[in-house]
Amino acid sequence: MTERVIGRFGGKIQGPLVLVFAGIHGNETAGIVAMEKAFQMLHDRMPGGEDAFAGALVALKGNLPALKAGQRFIDRDLNRMWTPEHIHRIQQAENIHLSSEDKEMAQLLELVHHALYEHQPEVLIILDLHTTSADGGIFVIPANTKASLRLAKYIHAPVVLGLLEGIEGSLLHFTEGNHFAVGGYPKQCLGIAFEGGQHNDPASIDRCLAALFTTLRSAGCMPEEALAGPYDMILHQYASTLPEVTRLRYVHHIRPGDGFRMRPGYRNFQPIDEGEHLADDAEGPVKACCQGLILMPLYQAIGSDGFFVVEAV
Ligand SMILES: [Zn+2]
């Protein structure tokens, strides 16, 4: 169980509990490396040390068997299962009937509940770190609450609205209903997912690190000037040519057996035209239903969404 905890910091003075999930998808390790680096930096350079950190930071690895295998998931996508109904089923079922991801979910929940009992925070902030198979864009997805949107805008990366309407059972959906709450804590739960760039791009690690520090400052865990450095500029520079806010227009869902193959060369936020030949599957060419910007075109074997189309707002 302890190999799941990447690190803990703070907890001596009142403040929010910031809970970071990294590697919810087993082929996305940049967030884990970023968090290891972050704890080292916090221990070395936090002004006033750990005692001066308001609230607590806890970072967890998501899907351990999938991380070991270096693939997105073993049995099911761990970022499409977070519903109160499914958790209830897991808690009722015998171990033998549980999928690999069900077991991961049960362990994660236990650690989250443990942290909530320990810190009893008024506010819980979930930061879910991801990377994409395509190159070309970082972005933030807020849970559908005003406070989450405010937090998302604070990170200097394009905010994508409505993405959660296109999928079900993500960790962010779970935060919207404050479903982690136990024993009356937290009173409020904010959630954002940060997409740090391409899976294997070393710069994705630094971008995840930058997203974390920005979140910690905006949550008041550490002063604005703490750990200031090149990380502040990383997101600014990278996102300067990307749209500030976009909204989901379309999701191309894929099912097993579709034989979905994205045509090569698409990058996140690349403009596409209506009718553009984007991919092929068992039924023939897959064409764009509308004009817009393509997001998360699928360039890996496993995944349930072929691509998303967003528009600038
Ligand atoms: Zn992911």
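Computed from a predicted structure; not experimentally measured. Atoms within a ligand are numbered from 1 in the order they appear, just like the ligands themselves. Throughout, numbering of the chain's residues begins at 1 and tracks the sequence.
Residue E28 counts as close to the Zn ion (ligand 1), with an N, O or S atom under 2.8 Å.
For H25, the N, O or S atom with the smallest separation from the Zn ion (ligand 1) is ND1. When you scan the N, O or S atoms of H130 for the one nearest the Zn ion (ligand 1), you land on ND1.
In this structure, K37 forms no cation-pi arrangement with F39, as its terminal cationic atom is not both closer than 6.0 Å to the ring centre and no more than 45° off the ring axis.
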Can you list the steps and then say if K103 with D75 is a salt bridge (charged side-chain N to carboxylate O under 4.0 Å, His left out)?
CA-CA 11 Å; K103 292 173 194 165; D75 298 320; over 6 Å; no

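For the pair R249 (side chain) and R247 (backbone), a donor-acceptor distance under 3.5 Å is absent.
Two residues are said to be in side-chain contact when any heavy atoms from C-beta on lie closer than 4.5 Å; W82 and L108 meet this criterion.
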